[in-house]
2 protein chains.
Amino acid sequence: MSTAEETAGGEAQAWGEVTPDAARRLLVAAVEAFAERGYHATTTRDIAGRAGMSPAALYIHYKTKEELLHRISRIGHEKALEILQVASRREGTPTERLAGAVSSFVRWHAGGRTTARVVQYELESLGPDARAEILALRREVDGEVRGIIEEGVRSGEFDVVDVHGTTLAVLSLCIDVARWFNVGGPRTPEEVGELYADLVLRMVGAQGPTA
Amino acid sequence: MSTAEETAGGEAQAWGEVTPDAARRLLVAAVEAFAERGYHATTTRDIAGRAGMSPAALYIHYKTKEELLHRISRIGHEKALEILQVASRREGTPTERLAGAVSSFVRWHAGGRTTARVVQYELESLGPDARAEILALRREVDGEVRGIIEEGVRSGEFDVVDVHGTTLAVLSLCIDVARWFNVGGPRTPEEVGELYADLVLRMVGAQGPTA
DNA sequence: GGCCACACTAAGCGCTCGCTCACCTTCGGC
DNA sequence: GCCGAAGGTGAGCGAGCGCTTAGTGTGGCC
């Protein structure tokens, strides 16, 4: 709510479902640390320190450092998927739904940049099993966007030659927001969301008003 | 040349200017390792091993592990900038030059994915001085693309409301290719380059034939 | 009040990291 | 045929890593 704190502290509300309290504090601390330094450059001592605890406390709530990343990644991907599912199943034309999906997806990547960074860019630090689980979620994410684009093509609203390639490009554009978005920068997450929704409608050749 | 080897081995020719031979082999080994595991997860023993040398040999040619990343990053950014400069200064309309710039930029990110990954995603592992130097190169990259878009807007070929935001989006789209492109996948770098050139022309509202 | 389950800490184990150092080989110049 | 520089190796240092273990405080329940 308050725009004063927009770091992971401000994003903490997204982790409200995680209990008990100490486990959540550790998770939020891990998100901050992983986003700043990357998974491999983050030490368990750093995570515990940010949460105001001793290094050993981490291992009461999590078996390994990797389990922290795994949990963060799964919760984050589930949230991202949920955002797209809600947007995709709303009433409206494919044009309206694609614009809504892109703008809310981008808003999440920009506003929750700290979390999104970890979710989108630390995937390869996971072990094979955890990575496979997350990749399944990503295929679902992909499917939601492709579904809207396919509908728009069928209805004649969109003009797209390569549906898979365009889907990939749209998602890629949205995801990369987490890499470059700067909280102190000139744009708000909402502004980027609107700009990107417009750009994506142009990419798919939407007929309606694009601005 | 040969399409048989498209890993960093095949990209090795791009490092031809680096001498002596042993220093180049170490650099290529470092590119491969950084791209696979990330900078922090790569050990100097791994780099030296890939180059067929003992761990100590690394320190004859480079002062630290970070110097390897710094050199890779600078050479890579200079190459990326050169690609855009050549495309930008060619003869032709803004539409033609933007399409050429995007397709060759994307081709580089897809074909030289191993290198591009390190160049685009390991920036934050550099120390402050090295990072500042690289960021200056990135601003030049940004300026090249923005220049073409501004010209297209002035000539009336492009319909762009937010030039800075659109420039950011175009570059973001191209750069993210390095994250998802798979050498064994269904698309060649050339195909992705053509698709993306088309998508970018749509994004800027280019008037001419977009396919 | 006595007791136990739980959350947490201080200390530190075994290991691997980036990096160094003493020594060895190879080879062109005279 | 000897020499010094250049380029390499094997062994290992100090530091910091992920993680463990023995012990401490604390709050709820009979």
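Here the structure is a predicted model, which means the values were calculated and not measured. In what follows, chains are A, B, ... by sequence order, proteins preceding strands, each numbered from 1.
Here the side chains of A:W15 and A:I72 are in contact, with some heavy-atom distance below 4.5 Å. Residues B:C174 and B:V102 have side chains in contact (heavy-atom distance under 4.5 Å, counting atoms from C-beta outward).
For A:R45 and D:dG16, a side-chain-to-base donor-acceptor distance below 3.5 Å is absent, hydrogens and geometry of angles not being considered.
Applying the side chain to side chain donor-acceptor pair (under 3.5 Å) test to residues at least two apart or on different chains, the pairs with a partner in residues 181-195 of chain A are A:R187-B:D162.
One atom, CD1 of A:I47, and another, C1' of D:dC19, lie 13 Å apart when rounded to the nearest Å. Atom C1' of nucleotide D:dG16 and atom NE2 of A:H40 are separated by 17 Å, given to the nearest angstrom. Taking atom CZ on A:R24 and atom P on C:dA7, their separation rounds to 15 Å, with Å as the unit. Between the CG atom of B:L58 and the C1' atom of D:dT9 there is a distance of 14 Å, rounded to whole Å. The separation between A:M53 atom CE and C:dA7 atom P is 10 Å, rounded to whole Å. For B:D21 and D:dG7, the CG to P distance is 11 Å, given to the nearest whole Å. In this structure, CD1 of A:I60 is placed 17 Å from P of C:dA5, rounded to the nearest angstrom.
Judged by distance alone, the side chain of A:Y196 and the main-chain N or O of A:R107 form no donor-acceptor pair under 3.5 Å.
The one candidate from B:R139, B:R138, B:R146 that meets the salt bridge (charged side-chain N to carboxylate O under 4.0 Å, His left out) condition with B:D142 is B:R146.
The side chain of B:H61 places no N or O atom within less than 4.0 Å of a non-bridging phosphate oxygen (OP1 or OP2) of D:dA6. Residue B:T44 has a polar side-chain atom (N or O) positioned under 4.0 Å from OP1 or OP2 of C:dG18. The phosphate of C:dT20 (OP1 or OP2) has no side-chain N or O of B:Y59 nearer than 4.0 angstrom.
Among the heavy atoms of the strands lying under 4.0 Å from B:T43 are primed sugar atoms or P, OP1, OP2 only; no base atom is included.
Relative to the side chain of A:T64, the nucleotides C:dC8, C:dC19, D:dC19 differ in distance, and D:dC19 lies closest.
DNA chain C lies under 4.0 Å from at least one heavy atom of each of the following residues of residues 65-74 of chain B: B:K65.
At a threshold of 4.0 Å, the pair A:R37-A:D46 counts as salt-bridged, since one of the basic side-chain nitrogens sits closer than that to a carboxylate oxygen.
No side-chain donor from either of B:E140 and B:H77 sits under 3.5 Å from a side-chain acceptor of the other.
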